[in-house]
Participant: 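I'd like to ask you about the structure that follows.
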Amino acid sequence: MESTYFLDTKMNEECGVFGVFNSQNTAELTYYGLHALQHRGQESAGIVTVDKNDFNSYKGEGLVRNIFTHTAMQKLVGTHGIGHVRYSTTGGSNIENVQPFLFRGLDETFALCHNGNIVNSNEVRRYLERIGSIMQTTSDSELLGHLLKREKGSMLTRLKQSLCYLEGAFAFLLATADALYVARDKLGLRPLSIGVLENGGYVITSETCALDAVGATFMRNVNPGEVLQIDQNGIVTDSYAKETRHKMCAMEYIYFARPDSDIEEVNVHEARKRCGMMLAEQAPAPTADIVIGVPDSGLSAAIGYAETAGLPFETGMVKNRYIGRTFIEPSQALREQGVKMKLSVVAKVVQNKSVVLIDDSIVRGTTSRNLITMLKKAGAKEVHMRIAGPEIKFPCFYGVDFSTYDELISARSTVGEIRQLIGADSLGFLNIENLAKGVKMKNNCGLCTACFSGDYPTNLYERLEDMNKDVK
Ligand code: AMP
Ligand code: SF4
């Protein structure tokens, strides 16, 4: 199973997608859109713009602001286009995997990009290779391009037919010579929203925070299973799947999304704050003096916890915002001397205090252990760790980068054991019921909580089921 394991780690991605239709400033708007989605992926980014029949593409590794120089932007002319920011786990960061992918053909050219993960990609890949497709990348996003080439009829028809082969999480954007196509998986696992520009053009984005960044107004969310065609005549809506269930990824609320985004009309900051409130009721810390949050994703929950517990919310930790993924980490020797790059403690705030420390999640447990050591070194009397999300006990196969049991401390250890390992005076996690109450989904929209409960909303297919057996 070793090789399958590596293949899987390669293919897991957390990403952001952004598309523009009908604007004189397509590249510029896409640039600002991707910049607003940068938290969803800092490893690489790309933009494809379409100018009549000319497709212009520019991609690179690193941050949006470093990739798209003035010269690069000048080449990206077009009236519509799509863009992508990508975060891949170790092994899959080759330049050929950077999206959008461009499929140039004799009679048609199109570009596509994707956020999510296809759980039956091995099966589809095998099928396509058997019937003659030659893959350019190891990314599962490429599969849709090959499927589209094999179907017959209009692009919308072919898209609907092709999507029926794919299972898992996806938000796809596709640009042809005269239209933009949009598709969301039938469980609605990854977020996708539509906005309107002042000139009547449209933008599509993984998160609504990018709408504000480009001056667009929220129109609506793309529905689970929905397929859209956006062209000069407006929007045509259709669906590729009759049966849909809404299972929005709970980790979007807990960790990924920006607090100023609304996902399925629920504001992320407010959801986190309510989760913090629920956590204070469920796991109080009676001896605590102050509440502090781990910046940035723990802060909203910390505010909620403090409010319900009747304790002061303090800035006990500060984050250096200019650390990128490629930043040179200090050597072990410097680390031992106390060189810390990402987070530092405000010693005066925590000295001689019993502190409630709120974070959104524990994956491997390294972050919590380091933070608690830092707080104690700075003079905190007690550290009561509270996590504003449930224990992550199961891998995610829908595009989040914990894809094996090995990576998850909660899959192997009890809460008591984790407490000891991270050096906390007490430890509490929000339970799944309180998470659902805290997030407060609207319009019958449900949450995927598979990484907490093991209750996966799709089949897992042979490779994933086998891998689970082996690693467990
Ligand atoms: P760990 O040190 O592995 O326990 O990581 C926990 C920290 O990583 C928390 O502070 C989270 O904010 C953050 N985190 C949670 N989920 C993820 C994820 N899927 N990818 C990267 N970081 C994450
Ligand atoms: Fe999100 Fe967890 Fe479901 Fe993955 S398994 S989609 S991280 S809730």
Side-chain angles (χ1 to χ4, degrees), residues 9 12-15 39-43 87-90 115-119 167-171 185 187-191 224 245-259 263 272 292-302 317 319 323 325 342-343 357-374 385-413 418 421-422 424 427 429 432 435-436 439 441 445-458 460 464 468:
T9 22
N12 272 307
E13 291 164 11
E14 298 153 11
C15 305
H39 60 288
R40 299 183 70 88
Q42 294 113 50
E43 202 161 277
Y87 166 90
S88 77
T89 54
T90 39
N115 170 212
N117 197 48
I118 309 294
V119 287
E167 189 139 17
F170 54 78
D185 70 72
L187 294 166
L189 279 157
R190 296 276 151 250
R245 275 183 303 149
H246 208 154
K247 288 278 180 188
M248 167 51 63
C249 165
M251 283 305 283
E252 291 279 354
Y253 291 103
I254 294 172
Y255 167 70
F256 289 130
R258 243 171 61 167
I263 295 185
R272 287 181 188 160
I292 67 174
V294 180
D296 290 318
S297 45
L299 294 178
S300 304
M317 266 181 192
K319 183 178 178 181
I323 303 276
R325 290 195 95 223
K342 277 185 194 152
L343 289 167
L357 175 64
I358 310 275
D359 203 355
D360 56 87
S361 50
I362 292 183
V363 182
R364 293 170 186 81
T366 329
T367 309
S368 318
R369 193 177 60 233
N370 290 345
L371 296 181
I372 292 167
T373 309
M374 280 162 66
M385 185 92 208
R386 295 292 179 268
I387 305 297
E391 291 164 86
I392 304 175
K393 293 183 172 187
F394 300 88
C396 171
F397 302 118
Y398 306 121
V400 174
D401 78 337
F402 35 87
S403 57
T404 65
Y405 283 95
D406 263 5
E407 291 165 278
L408 303 171
I409 193 172
S410 291
R412 304 188 298 272
S413 318
I418 301 172
L421 241 125
I422 62 175
L427 171 65
F429 289 84
I432 299 180
L435 166 74
V439 174
M441 301 299 285
C445 178
L447 277 180
C448 171
T449 53
C451 49
F452 317 125
S453 65
D455 182 13
Y456 293 97
T458 66
L460 290 187
L464 302 175
N468 291 354

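In each ligand, atom 1 is the first atom listed, and ligand 1 is the first ligand listed.
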Participant: Identify the protein atoms, limited to N or O, that lie within less than 3.5 Å of an N or O atom of ligand 1, and list each pair with its distance to 0.1 Å.
Facilitator:
from, atom 1, to, atom 2, distance (Å)
ligand 1, 2 (O), T366, N, 3.3
ligand 1, 2 (O), T367, N, 2.7
ligand 1, 2 (O), T367, OG1, 2.4
ligand 1, 3 (O), R364, N, 2.7
ligand 1, 4 (O), V363, N, 2.8
ligand 1, 4 (O), R364, N, 3.0
ligand 1, 4 (O), G365, N, 2.7
ligand 1, 5 (O), T367, OG1, 3.4
ligand 1, 10 (O), D359, OD1, 3.4
ligand 1, 10 (O), D359, OD2, 2.6
ligand 1, 12 (O), D360, OD1, 3.2
ligand 1, 12 (O), D360, OD2, 2.7
ligand 1, 19 (N), D401, OD1, 2.9
ligand 1, 20 (N), D401, OD1, 3.1
ligand 1, 22 (N), Y255, OH, 3.0

Participant: Is there a donor-acceptor contact under 3.5 Å from the side chain of S361 to the main chain of V363?
Facilitator: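 Flag not set: sc S361 to bb V363 has no pair under 3.5 Å.
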
Participant: Between F397 and Y456, is the ring centroid distance below 6.0 Å?
Facilitator: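 Yes; Y456 has its ring centre under 6.0 Å from that of F397.
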
Participant: Should the pair E252-R40 be classified as a salt bridge under the 4.0 Å nitrogen-to-oxygen rule?
Facilitator: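 Looking at E252 and R40, the cut-off is met.
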
Participant: Does the D185 side chain pair with the main chain of F170, one donor and one acceptor, at a distance under 3.5 Å?
Facilitator: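 Indeed, once roles are kept as given, a pair shorter than 3.5 Å links the two residues.
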
Participant: In the structure I gave you, are the side-chain heavy atoms of Y398 and R190 within less than 4.5 Å of one another anywhere?
Facilitator: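 They are in side-chain contact.
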
Participant: For T367, enumerate each residue passing the side chain to side chain contact (heavy atoms under 4.5 Å, CB included) test, keeping only those at least two apart in sequence or located in another chain.
Facilitator: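 Expected list: D359, L371.
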
Participant: Would you call R190 a ligand 2 contact, heavy-atom distance under 4.0 Å?
Facilitator: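 Distance cut 4.0 Å: R190 passes for ligand 2.
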
Participant: Under a 4.5 Å cut-off applied to non-hydrogen side-chain atoms, are M385 and I372 in contact?
Facilitator: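 Yes; the side chains approach each other to less than 4.5 Å.
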
Participant: Mind listing the protein N/O/S atoms less than 2.8 Å away from atom 4 (Fe) of ligand 2? Waters don't count.
Facilitator: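 Per the 2.8 Å query on atom 4 (Fe) of ligand 2, atoms found are C396 SG.
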
Participant: State whether the side chain of N115 and the backbone N or O of C15 hold a donor-acceptor pair below 3.5 Å, judged by distance alone.
Facilitator: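 Flag set: sc N115 to bb C15 pair under 3.5 Å.
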
Participant: What residue among L357, I422, L421 forms side chain to side chain contact (heavy atoms under 4.5 Å, CB included) with L427?
Facilitator: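 Output: one option passes, namely I422.
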
Participant: Taking only residues two or more places apart in sequence, or in another chain, which ones meet D296 in a side chain to side chain donor-acceptor pair (under 3.5 Å)?
Facilitator: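 Expected list: R321.
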
